[in-house]
> 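There's a structure below that I have some questions on.
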Amino acid sequence: MKKIKIIGTGSYLPEKVLTNDDLAKIVDTSDEWITQRTGIKERHIASSDQATSDLGVIAARRCFETFDIDPKSIDCIIFGTVTPDKLFPSTSIYVQKALNMPNIPVFDISAACSGFIYGLAVANGLINSTSMKRILVLGGETLSKVTNWSDRSTCVLFGDGVGCAVVEESHDESGLLSIYIGADGNMENLLHQPAGGSRNPATFETVEKKLHTIHMEGNEVYKHAVNTMQMAAEKAISMANISSEDIKWFIPHQANIRIIDTTAKYLKVPKEKVFVNIDKTANTSAGSIPIALDQMNRNGLLKKGDIILIDAFGAGFTWGASVIRW
C-alpha cells in the first residue's frame, strides 16, 4: 500500500479582524468573558464580496508558489467545507476555474470541522486505487456568512479562513502513519444549520427565524467533543503503532481552549507540544488544522521526521485523527 505525504501547505485568513471588544459593541459580552471560556481574542472576517472559494484560491496559490508546485501537476482537488459558494456546483469547481486547472476531477466534502482530515483520507484512497499521483486538499470556511450575530453564545466562536495541503506518494520515511475517521448521526441536532437544504427550503419564515445560521447546544457539544477527540486520537496512535510520548506536536481542531487542554491532558501530551492559534483565528471549522499546519510549516516548527498528531471533531457528529511523520 502506498503511503502519502504532505509536500506543501498554504493558508489564507481575510484581512479584516474582529476583536472581542468589537463584539462587545454588538452583543452583551466582554473580552474577559470570551477569553476565559474559549481562549479566543480575535477572528478574521471575509469581506462581503469574498466567498469560500476566493479564500481557497489564495491559499492554494501561496502553497504552489512557496513550495514550487506546478498547478498542472495536480490530478484532483478536494475541498472540505460546510459554507460552499453555492449548494451546487461544488466550491472546488470555482477553485479549479480560478487556478486554470481544467479537466481534473474536483469535489467537496461536507464533514464540518473534520473536513480536512476526511479529505486526507479520501486523497489517500484515491492515490492508492487510481492513477492519481498528486492531490490538492483544502479545508475552510466563511462561517461569518452563517453566523447569527445577535446570538452571543455562538457569534463569539467562529472565524473565516482556508488552509490547504498538496499530497503525493511518499518514497521516504515521511507520510501518513495512520488515519481514522468516523461519524454518528444520532446527535446531528446538537450542531447544525436548520434551513437552506431540501428538509427546510428557504422561505420568509426560515429567514425571519434565522434558521439559516448556526444553531448549537454548547454544553452537549463540549462533552461529546472531549470524549470523541480523545477516542479518535487514541485510535490513530494505536493504528500508527506509536505511543503518545513519541508525538512531537499535537495539532487539535481549534474549537475551544478548554476542549484542547482537556484532550491533551487525557492523551498525556504536555502543553509545550500542543499547537494553539485559536486566540488569533477562532474556530474556522475545516480550516483550523490546515491553517495551523501551514503556520507551523512556514515558521519552521515542523522538522523532517517529527511525529505529529492531528485531531478533529465536528457537526454531524463527525471525527477524524491522523498520525503523520513529517
Side-chain angles (χ1 to χ4, degrees), residues 5-19 38-46 50 52 54-69 79-81 113-117 119-120 136-143 157-167 174 176 247-257 259-261 263-264 269-312 320-326:
K5 69 176 180 179
I6 294 172
I7 63 166
T9 58
S11 64
Y12 173 68
L13 296 165
E15 280 72 27
K16 181 181 178 182
V17 174
L18 188 71
T19 67
T38 70
I40 299 166
K41 300 291 288 185
E42 60 188 39
R43 68 283 296 148
H44 293 254
I45 304 295
Q50 280 183 316
T52 301
D54 298 320
L55 278 56
V57 167
I58 297 172
R61 283 179 174 151
R62 288 179 174 177
C63 176
F64 296 158
E65 292 166 4
T66 302
F67 297 95
D68 194 26
I69 296 170
F79 204 142
T81 186
C113 306
S114 309
F116 179 74
I117 298 179
L120 286 180
L136 171 64
V137 182
L138 302 105
E141 317 285 355
T142 49
L143 290 169
L157 301 175
F158 302 106
D160 300 336
V162 171
C164 69
V166 171
V167 298
S174 299
L176 270 64
I247 296 169
K248 173 68 174 180
W249 287 107
F250 176 40
I251 308 171
H253 168 50
Q254 307 289 308
N256 180 300
I257 192 64
I259 294 175
I260 293 171
D261 288 346
T263 304
V269 176
K271 278 192 173 184
E272 61 269 20
K273 292 185 175 183
V274 182
F275 182 79
V276 176
N277 64 0
I278 191 174
D279 55 322
K280 298 291 186 182
T281 66
N283 182 349
T284 56
S285 184
S288 75
I289 287 176
I291 289 169
L293 280 171
D294 184 53
Q295 290 180 347
M296 296 179 74
N297 201 15
R298 289 171 187 272
N299 288 322
L301 296 177
L302 300 177
K303 309 294 186 184
K304 189 170 179 61
D306 284 352
I307 301 292
I308 65 174
L309 169 67
I310 59 176
D311 189 13
S322 178
V323 174
I324 303 168
R325 180 180 284 116
W326 200 254

> Heavy atoms, side chains only, cut-off 4.5 Å: are Ser322 and Leu176 in contact?
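Yes, their side chains come closer than 4.5 Å.
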> Is any side-chain heavy atom of Ser285 less than 4.5 Å from a side-chain heavy atom of Leu143?
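Contact flag for Ser285/Leu143 side chains = yes.
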> Ignoring hydrogens and angles, write down the donor-acceptor pairs under 3.5 Å from the side chains of residues 270-278, residues two or more places apart or on other chains.
from, atom 1, to, atom 2, distance (Å)
Lys273, NZ, Ile247, O, 3.1
Asn277, ND2, Gln295, OE1, 2.8

> Could you pull out all residues at least two apart from Ser11 that satisfy side chain to side chain contact (heavy atoms under 4.5 Å, CB included)?
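If we apply the side chain to side chain contact (heavy atoms under 4.5 Å, CB included) test to Ser11, skipping adjacent residues, the hits are Ile291, Asp294.
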> Can you list the residues that meet the side chain to side chain contact (heavy atoms under 4.5 Å, CB included) rule with Ile69, with sequence neighbours excluded?
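Ile7, Cys63, Phe64, Phe67, Ser73, Ile74, Arg134, Val166.
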> What are the two closest non-hydrogen atoms of Ala292 and Ile251, and how far apart are they?
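Nearest heavy atoms, Ala292 then Ile251: CB-CG2, 3.7 Å.
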> Are side-chain heavy atoms of Ile310 and Phe250 found at a separation under 4.5 Å?
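Heavy-atom side-chain distance check fails, nothing below 4.5 Å.
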> Show the nearest heavy-atom pair for residues Gly163 and Pro290, with the distance to one decimal.
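In terms of heavy atoms, the two residues are closest at C-CB, 3.5 Å.
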> Working to the nearest 0.5 angstrom, can you tell me the gap between Leu293 CG and Trp326 CH2?
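The CH2 atom of Trp326 is 5.5 Å from CG of Leu293, to the nearest 0.5 Å.
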> So how far is it from Ile40 CD1 to Lys280 NZ, rounded to the nearest 0.5 Å?
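Rounded to the nearest 0.5 Å, the CD1-NZ separation comes to 13.0 Å.
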> For residues Gly80 and Ala286, report the shortest heavy-atom separation together with the two atoms involved.
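Answer, listing the atom of Gly80 first, then Ala286: O-CB, 3.3 Å.
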> Please report the C-alpha distance between Cys113 and Asn283 in whole Å, then the side-chain angles of each, then the deciding distance to 0.1 Å, and finally whether the side chain to side chain contact (heavy atoms under 4.5 Å, CB included) criterion is met.
CA-CA 9 Å; Cys113 306; Asn283 182 349; 4.2 Å; yes
> Indicate whether the side chain of Thr281 and that of Arg43 have a donor and an acceptor atom separated by less than 3.5 Å.
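Arg43 and Thr281 do not have a side-chain donor-acceptor pair below 3.5 Å.
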> Are Ile45 and Pro14 side-chain neighbours, meaning at least one heavy-atom pair lies under 4.5 Å?
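Side chain of Ile45 against side chain of Pro14, heavy atoms only: no contact under 4.5 Å found.
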> Once salt bridge (charged side-chain N to carboxylate O under 4.0 Å, His left out) is applied, do any residues pair with Lys304, and if so which ones, sequence neighbours excluded?
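Only Asp172 meet the salt bridge (charged side-chain N to carboxylate O under 4.0 Å, His left out) criterion with Lys304.
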> Rounded to the nearest 0.5 Å, how far apart are CG of Asp279 and NZ of Lys41?
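Answer rounded to 0.5 Å: 8.5 Å.
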> So which atom in Asp160 and which in Ala46 form the shortest heavy-atom distance, rounded to 0.1 Å?
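Asp160 and Ala46 have their closest heavy atoms at OD2-N, 2.7 Å.
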> Looking only at heavy atoms, which two atoms of Ala282 and Phe158 are closest? And how far apart?
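Looking at all heavy atoms of both residues, the closest pair is CB-C, 3.9 Å.
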> Using side chain to side chain contact (heavy atoms under 4.5 Å, CB included) as the criterion, list what pairs up with Thr19, not counting sequence neighbours.
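Partners of Thr19 under the side chain to side chain contact (heavy atoms under 4.5 Å, CB included) test: Val17, Asp21, Asp22, Glu42.
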> Please lay out, stage by stage, how Val162 and Tyr12 fare under the test side chain to side chain contact (heavy atoms under 4.5 Å, CB included).
CA-CA 6 Å; Val162 171; Tyr12 173 68; 5.6 Å; no
> Taking side chain to side chain contact (heavy atoms under 4.5 Å, CB included) as the definition, give me every residue that meets it alongside Ser288, ordered by chain and number, with sequence neighbours left out.
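Side chain to side chain contact (heavy atoms under 4.5 Å, CB included) list for Ser288, sorted by chain: His253, Gln254, Thr284.
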> Verify the neighbour count for atom CG of Asn299: are there more than 12 heavy atoms of other residues, nucleotides or ligands below 6.0 Å?
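Counting other residues, nucleotides and ligands, CG of Asn299 exceeds 12 neighbours.
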> Identify which one of Thr52, Asp54, Thr81 satisfies the side-chain hydrogen bond (donor to acceptor under 3.5 Å, both in side chains) criterion when paired with Thr142.
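When side-chain hydrogen bond (donor to acceptor under 3.5 Å, both in side chains) is applied between Thr142 and each of Thr52, Asp54, Thr81, only Thr52 qualifies.
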> State the CG-CD1 distance between Asp261 and Ile257, to the nearest 0.5 angstrom.
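If I round to the nearest 0.5 Å, the distance is 4.5 Å.
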> Kindly compute the distance separating CG (Asn256) from CG (Leu157), expressed to the nearest 0.5 Å.
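That separation rounds to 7.5 Å.
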> Is there a side-chain contact between Ile308 and Leu302 in this structure, where contact means two heavy atoms from C-beta onward sitting under 4.5 Å apart?
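When only atoms from C-beta onward are counted, Leu302 and Ile308 do touch, with a gap below 4.5 Å.
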> Looking at residues at least two apart in the chain, or sitting in another chain, which of them share a side-chain hydrogen bond (donor to acceptor under 3.5 Å, both in side chains) with Asn297?
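Expected list: Thr9.
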> Please report the interatomic distance CH2(Trp249) to CG(Asp306), rounded to the nearest 0.5 Å.
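Going from CH2 on Trp249 over to CG on Asp306, the span is 8.5 Å.
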> Would you please name every residue forming a side-chain hydrogen bond (donor to acceptor under 3.5 Å, both in side chains) with Asp311, sequence neighbours left out?
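Here no residue qualifies.
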